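Here is the structure we will look at, set down as structure tokens.
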2 protein chains.
Amino acid sequence: MARYAKEHKQATRRRIVETAGSRLKRDGIDGSGIATLMADAGLTNGAFYAHFDSKEDLVASTVADQLREQRERYSGQSLEEIVRGYLSIQHRDDTAGGCPSAALLDEIARSSESVKRAYTDGLLAIIDDAAARLAPDDPQSARVRTFGVFALMVGTLQVSRALADRRLADDVLEQGIQNALALLGAEQRISPSSC
Amino acid sequence: MARYAKEHKQATRRRIVETAGSRLKRDGIDGSGIATLMADAGLTNGAFYAHFDSKEDLVASTVADQLREQRERYSGQSLEEIVRGYLSIQHRDDTAGGCPSAALLDEIARSSESVKRAYTDGLLAIIDDAAARLAPDDPQSARVRTFGVFALMVGTLQVSRALADRRLADDVLEQGIQNALALLGAEQRISPSSC
DNA sequence: ACTATTATATGTCGTCCATAATATTACAGA
DNA sequence: TCTGTAATATTATGGACGACATATAATAGT
């Protein structure tokens, strides 16, 4: 029996998933063909089905991978750093290298249950990390509130990207930072119901 | 010269744009073919180019129309009604009949400048209406703050739609209402800098 | 009935996802 | 070191559908 080193196939699959991350975020799910996705990884279309059952399978894997990577990146940053980096001009102008939610959210919403499942699981890991830092005593109750701040950030980035007026788009980002920090601030003084 | 009543062609074009609104929001821009879009209007693909220069042209027109319609709908509602309706379960579960921003935002961000221009203009009309109601004395300064609330609403609806867990998705909506109303409330007491 | 207008029916050519047949690679054992 | 064979990749092909263009038929004022 002549087997390849186990790593080879795994490494190739990993490479496909990683390059697919950028391509999908840049051109969208429907906008990215399998031939292109494979070419990005230095392969041809025929090899695709040795690694994935279908395009949907690749999308689900890629979404999961993108969220894993995002989670790791955030583990080394404070919440305020995350907010300011997320709603930065650099992030807005780098769709391919940025947040998968902002780039793909409404296509994910239209996707199959398996893709939405991958998205939900991957995002929950990120949210729960943040919730644990926000309310170490009761992270469970902070989960939904953290979702709220995250959704605000995603929506703001998307709106900023869709606006044809650059100055307005910049202002929207800045406003988003204020709003996100305000909600996080209100978050940290939990018990006192009012000011 | 034998001309049709002027309305005929206009009416057909209008019908195409209206049915395209639902189809585009349901299946996405890349996910909707011209033949399908025309069939929705009771026509065949060949007639398309008598009404539009290109698919992009239709998309821009449809985006503009959708935002016009949304603006009119909101003109009869209070800001709180708008927020509660927007972040309702009904709206989340009716992508085809709902907000074009929530359905198409990241595809619009990837679109040509003409589509983004149509989006920007249409959205600004909605935003400025709301800003005028929020701060009648100084609507200009309220514009960006209104954008912030709108972006929060859009992001929240999208996240709720993308989650595979229905209960969680419902909770996210409810949290979004709280956040939006909180930001609107903070908005209305402008001058007093703190509490 | 004439004719401009509008729609249908095709055609072109490219790309889509997926599969099958073929070629190349790289390891295992003699 | 050489070779057989399994693992992996390439090229070729299928059938469907994509945007867009043109030729033909139907429609409806004058």
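Heavy-atom basis, side chains included; hydrogens, waters and symmetry copies ignored. Letters A, B, ... are given to chains in the order of the sequence lines, protein chains preceding strands, and every chain is numbered from 1. Everything quoted here is computed from the prediction, not taken from an experiment.
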Q | Contacts of A:E69 that satisfy salt bridge (Lys or Arg N to Asp or Glu O under 4.0 Å) - sequence neighbours left out | A | A:R73
Q | Overall bend - the helix from C:dA1-D:dT30 to C:dA30-D:dT1, comparing terminal axes fitted on five pairs, nearest 10 degrees | A | 0°
(Q) Could you work out, with side-chain hydrogen bond (donor to acceptor under 3.5 Å, both in side chains) as the rule, every residue matching B:R13, not counting sequence neighbours? (A) B:S61
Expressed as a whole number of angstroms, how long is the span from [X]:[atom1] to [N]:[atom2]?
| X | N | atom1 | atom2 | result |
| --- | --- | --- | --- | --- |
| A:H8 | D:dA9 | NE2 | P | 10 Å |
| A:R13 | D:dA9 | CZ | P | 13 Å |
| A:L43 | D:dA7 | CG | P | 18 Å |
| B:Q10 | C:dT5 | CD | C1' | 15 Å |
| A:L24 | C:dC16 | CG | P | 13 Å |
| A:K9 | C:dC27 | NZ | C1' | 16 Å |
| B:L37 | D:dC17 | CG | P | 15 Å |
| B:I34 | C:dC13 | CD1 | P | 18 Å |

We want to know whether [X] and [Y] form a side-chain donor-acceptor pair, criterion being a heavy-atom distance below 3.5 angstrom.
| X | Y | answer |
| --- | --- | --- |
| A:S141 | A:D138 | yes |
| A:S114 | A:E56 | yes |
| A:N179 | A:Q175 | yes |
| B:E174 | B:Q178 | yes |

Q: With a 4.0 Å heavy-atom cut-off, tell me which residues in residues 25-33 of chain A come close to DNA chain C, sorted by residue number.
A: A:S32, A:G33
Q) Does any residue of residues 47-60 of chain B have a heavy atom under 4.0 Å from DNA chain C, and if so, which ones, in number order? A) B:A47, B:H51
(Q) Is there a side chain to side chain contact (heavy atoms under 4.5 Å, CB included) between B:L104 and B:K25? Walk through the geometry before answering. (A) CA-CA 6 Å; B:L104 299 173; B:K25 288 189 287 182; 4.2 Å; yes
Q) Do A:L67 and A:P100 have side-chain heavy atoms sitting under 4.5 Å apart? A) yes
**Q.** Any A:F150 side-chain heavy atom under 4.5 Å of A:S101 side chain
**A.** yes
(Q) Please tell me if B:T12 has a side-chain N or O lying less than 4.0 Å from either OP1 or OP2 of C:dA7. (A) yes
Can you give each donor-acceptor pair under 3.5 Å made by side-chain atoms of residues 34-51 of chain B, sequence neighbours left out, with the distance rounded to 0.1 Å?
from: B:D40; atom 1: OD1; to: B:R23; atom 2: NH2; distance (Å): 3.1
from: B:D40; atom 1: OD2; to: B:R23; atom 2: NE; distance (Å): 2.7
from: B:D40; atom 1: OD2; to: B:R23; atom 2: NH2; distance (Å): 3.4

Q: Run the numbers on B:I177 and B:L173 for side chain to side chain contact (heavy atoms under 4.5 Å, CB included), then give the verdict.
A: CA-CA 6 Å; B:I177 293 174; B:L173 280 186; 5.7 Å; no
Q) D:dT11, C:dT10, C:dC27: which one has an atom nearest the side-chain heavy atoms of A:N45? A) D:dT11
